[in-house]
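See structure below.
Keep in mind the model is a prediction, meaning the values are calculated, not measured. Throughout, residue positions are numbered sequentially from 1 according to the sequence presented. Both counts, for ligands and for their atoms, begin at 1 and track the order of listing.
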Amino acid sequence: MALLPILTAPDPRLKTKAKPVDRVDDEIRRLMDDMLETMYDAPGIGLAAPQVGVSQRVLVIDTGKTEADRKPIRMANPEIVWVSEVDSSYEEGCLSVPSHYADVVRPAQVKVRYLDHQGEIREIETDGLLATVVQHEMDHLDGVLFIDRISSLKRNMILRKLVKSKKEEAAV
Ligand code: NI
């Protein structure tokens, strides 16, 4: 397994719609495992392939709080098949938008169909934090960041700060 570099906004690769996976093969399985390792190392609770520069519809999630209760979820080609009418709001962050957080409103529950790491079709019904994370990660596959779901005023403020910190890093 290997740690992959995580792209940060603004970056055009984070704004690109990812392509469906043709087949869940060893290459995809290795990508999923590398993404999990990268996510645990960051640390984060979700990571989508475009965040590591791979334009494929693959994501990983683990909302376990400690190493002991890790429950990794690996998804290829996830699709939302049902959403609740009730919304909920969570303060979201993102490994590609470091150090910034904002409340985002999304459906409180979603049902997602996807291919697991064996290429088997699976369906999960999610609520709470997992529902938020799965929708956040699926957004990445369509080139959407959580800051695209907040006011343009706040988004532009965050983007300006990110550009500034990238410039400062480049100058070091
Ligand atoms: Ni994210």
Side-chain angles (χ1 to χ4, degrees), residues 1-21 28 31-65 70-80 83 87-110 112 114-115 117 124 126-166 169:
M1 295 214 279
L3 290 179
L4 307 168
I6 298 174
L7 304 177
T8 58
D11 187 305
R13 288 167 290 180
L14 292 170
K15 304 303 294 172
T16 306
K17 196 173 159 82
K19 286 175 213 69
V21 170
I28 294 294
L31 172 66
M32 288 168 163
D33 287 343
D34 287 346
M35 284 169 59
L36 276 171
E37 192 184 358
T38 302
M39 182 190 81
Y40 290 133
D41 181 72
I45 55 176
L47 190 67
Q51 293 181 272
V52 293
V54 177
S55 192
Q56 297 224 282
R57 301 187 80 79
V58 171
L59 60 86
V60 295
I61 293 173
D62 194 334
T63 56
K65 282 193 182 64
R70 275 184 185 173
K71 274 196 206 86
I73 300 172
R74 301 162 171 88
M75 294 187 181
N77 301 347
E79 276 175 75
I80 290 179
V83 300
D87 287 335
S88 71
S89 171
Y90 259 100
E91 187 179 57
E92 296 190 18
C94 179
L95 295 173
S96 295
V97 187
S99 311
H100 295 280
Y101 302 89
D103 288 327
V104 180
V105 176
R106 302 180 186 273
Q109 295 166 285
V110 292
V112 179
Y114 62 97
L115 297 176
H117 60 294
I124 49 166
T126 63
D127 60 10
L129 178 61
L130 183 56
T132 293
V133 179
V134 77
Q135 292 175 81
H136 174 118
E137 300 311 327
M138 285 180 68
D139 268 356
H140 277 298
L141 306 180
D142 291 325
V144 175
L145 301 175
F146 80 92
I147 52 172
D148 295 316
R149 296 193 178 277
I150 62 177
S151 74
S152 57
L153 188 76
K154 189 149 191 208
R155 174 169 60 252
N156 291 338
M157 189 190 76
I158 291 173
L159 281 170
R160 271 195 294 273
K161 284 184 182 164
L162 289 169
V163 169
K164 194 170 162 226
S165 59
K166 274 194 184 186
E169 269 169 43

query: Taking only residues two or more places apart in sequence or in another chain, which ones pass side-chain hydrogen bond (donor to acceptor under 3.5 Å, both in side chains) with Asp11?
result: Arg13
message: Name the residue from Lys154, Arg160, Arg155, Lys161 that meets the side chain to side chain contact (heavy atoms under 4.5 Å, CB included) definition with Ile158.
response: Lys154
query: Is the NZ atom of Lys19 crowded by more than 12 outside heavy atoms at less than 6.0 Å?
result: no
query: For Lys15, does the NZ atom sit with more than 12 other heavy atoms under 6.0 Å from it, leaving out its own atoms?
result: yes
task: Go around the Ni ion (ligand 1) and count every protein N, O or S atom nearer than 2.8 Å.
output: 3
task: Ignoring hydrogens and angles, tell me if any N or O in the side chain of Glu137 forms a donor-acceptor pair with the backbone of Val134 under 3.5 Å.
output: no
task: Check Ala76 against Val21 and note the closest heavy-atom contact, atom names and distance.
output: CB-CG2, 4.2 Å
